[in-house]
Protein chains: 2
Amino acid sequence: MLKEERHRFILNEVGIHNRVLLTDIASLLDVSVDTIRRDIKELHNSKLLKKVHGGAISLGFNNYNPIGKTVYSLEEKSRIAEKGISLIKEGQVILLSGGTTNLELAKRLPSKFKLTCFTPSLPIAVQLLTKSNIEVIFIGGRLSKDSQIAIGGSAINMLSEIKVDICFLGTNSIHPVEGLTEFDWEIVQMKKAMIHSSRKVVSPCISEKIGSLQRFKICGVEEIDVLITELEPWDVKLDAFKNMNIQLL
Amino acid sequence: MLKEERHRFILNEVGIHNRVLLTDIASLLDVSVDTIRRDIKELHNSKLLKKVHGGAISLGFNNYNPIGKTVYSLEEKSRIAEKGISLIKEGQVILLSGGTTNLELAKRLPSKFKLTCFTPSLPIAVQLLTKSNIEVIFIGGRLSKDSQIAIGGSAINMLSEIKVDICFLGTNSIHPVEGLTEFDWEIVQMKKAMIHSSRKVVSPCISEKIGSLQRFKICGVEEIDVLITELEPWDVKLDAFKNMNIQLL
DNA sequence: CCTATTTTTGCATTATATTGCTGTAATAAG
DNA sequence: CTTATTACAGCAATATAATGCAAAAATAGG
């Protein structure tokens, strides 16, 4: 059995049961406890679950405890968010997908002028509701426990009925050849619909996600109008994007 | 059971009841009192609750105030919520409107069996997302800043496409002759749509709202199937409702 | 196809964490 | 003041984590 398979299995179990025991997984997959321990350590480091004594537990939020929510790259995310905000003009209609970068962006949206803001993300909606100058429209649908965004047909339907000025598309993986990819199929569908509903697509993306690859494809890089990263313009990681028709910030 | 799980459980209990007894938790989770004591000490050190002699209390609890009307009506709301929950059966599909009473109800929804839960209320959705046994579907739409629920055509559209087993309709004013009334026109529209989408309408309603009247009418009393209040059955305030076809709890 | 190199895995060992129990001190309540 | 309950410290039993190492498997280069 491949390591990747085990990782998926573990994440799946955590997704379903919110917790797993080291020993259970080991016997289910018929490998040693050490192996699973190492797997969980890796997943923990990738912030996909929380390693605890005896097993692992979902990051899934619980109102009260800010477990492991120490956002590493908060600083970079802030800078990216600020850049993103500079693209917004008074009175525009914007669409925010989920993700922590977009949440940072939402927090920083200006209170100077009116905006209309669509989002399928619960935390972002909560954040935006505190701002009196922003009209918030929630894209409804079935809520995904881990990503905390609405997914499914109903949400995609609602997206199909709108056309916004700018979409800020939180991005898990962007690759110069393969384009944007995602781990979760339902989220792929959502993101496709979001791109379709937007005149301009902006992808705020911290550098560690550039060049990575996941299972499902959302779209090619050519669908993205603006890529915002914290990297310096001459960084080698960006070379591959340079002769495409993408604005780099 | 993992330590982290106990921690979450305790925090959850504290969140709901504002206080917990060491011994209760210990017997509920079937571990020794010492273990829970140590758990609570850790949570206390992380400033997630306040350790007190014999148990723990929520951090905000003291701030609320000792003479507290808030706490008083919270207690009643809890009782009403518990009653409401007793109406729910395994696997049902329910619809929760907004309001603090429904939020209390959402917090207390059982984790024993699967449920599907529609709601246009942001705080309720946030609450429900923490429960792994409940599928949450958010009724999307423009979010009202003060009531924090989705309103407007899009939300009403989405409501028109569903039919649920029970609707818990948070109620601002109920009057034996005039029926249910509301202050806000948009919310009236939402509630009308919710009633229309439900086989059974339950109105959890603390007594101070009985007999009061607001500007716009939602529906007559006859549309309500069950009225839950904290009043005793012989209370004079309820007389007017008695010869109607309403179940009083 | 074969071999060198790297990665992955399981096992043994040692270190650490968790838990319940004991006895004793502290605290609340009458 | 007395009594019952709760808190705490220390201890032992058990479970889990970390580490180093060797065998097995995968990978890369020729």
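The sequence lines fix the lettering, A, B, ..., with proteins before strands; numbering per chain opens at 1. Any value given below was found using the heavy atoms of this structure, including those in side chains, with hydrogens, waters and symmetry copies removed.
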Give me the distances for all protein-to-nucleotides 24-30 of chain C N/O pairs that come in under 3.5 Å?
none

Close N/O contacts between protein and nucleotides 18-23 of chain D (under 3.5 Å):
none

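In this structure, CD of Glu5(A) is placed 12 Å from P of dA26(D), rounded to the nearest angstrom. For Asp39(A) and dT16(D), the CG to P distance is 17 Å, given to the nearest whole Å. Between the CD1 atom of Ile36(A) and the P atom of dA15(D) there is a distance of 20 Å, rounded to whole Å. Atoms CG (Leu22(B)) and P (dC8(D)) sit 10 Å apart, rounded to a whole Å. Summarising the geometry, the separation between NE2 on His7(B) and C1' on dT19(C) is reported as 13 Å, rounded to the nearest angstrom. Atom pair Lys3(A):NZ and dA26(D):P shows a separation of 14 Å (rounding to whole Å applied).
In terms of the side chain to side chain donor-acceptor pair (under 3.5 Å) criterion, Thr119(A) has no residue partners (sequence neighbours excluded). Residues meeting the ring pair (Phe, Tyr, Trp, His ring centres under 6.0 Å) test with Phe138(A), sequence neighbours left out: Phe138(B). The ring pair (Phe, Tyr, Trp, His ring centres under 6.0 Å) test applied to Phe216(A) returns Trp185(A), not counting sequence neighbours. Residues passing the salt bridge (Lys or Arg N to Asp or Glu O under 4.0 Å) test with Glu178(A), sequence neighbours excluded: none. Scored by the salt bridge (Lys or Arg N to Asp or Glu O under 4.0 Å) test, Glu232(B) finds no partners at all (sequence neighbours excluded).
Residues in residues 82-94 of chain B take part in these side-chain hydrogen bond (donor to acceptor under 3.5 Å, both in side chains) pairs, two or more places apart or across chains: Glu82(B)-Arg108(B). Sorted by first and then second residue, the salt bridge (charged side-chain N to carboxylate O under 4.0 Å, His left out) pairs with a member in residues 110-139 of chain B read Arg142(A)-Glu135(B); sequence neighbours excluded. For residues 33-57 of chain B, no pair satisfies ring-ring contact (aromatic ring centres under 6.0 Å, His included), with sequence neighbours left out. Residue pairs meeting the salt bridge (charged side-chain N to carboxylate O under 4.0 Å, His left out) criterion with at least one member in residues 14-31 of chain A, sequence neighbours excluded, are Arg19(A)-Glu5(B).
Contacts of residues 23-33 of chain B with DNA chain C (heavy atom under 4.0 Å): Val31(B), Ser32(B).
In this structure, Ile25(B) and Ile40(B) have side chains that are not in contact, with every pair of non-hydrogen atoms separated by 4.5 Å or more.
A salt bridge links Glu4(A) with Arg8(A); the closest basic N to acidic carboxylate O contact falls under 4.0 Å.
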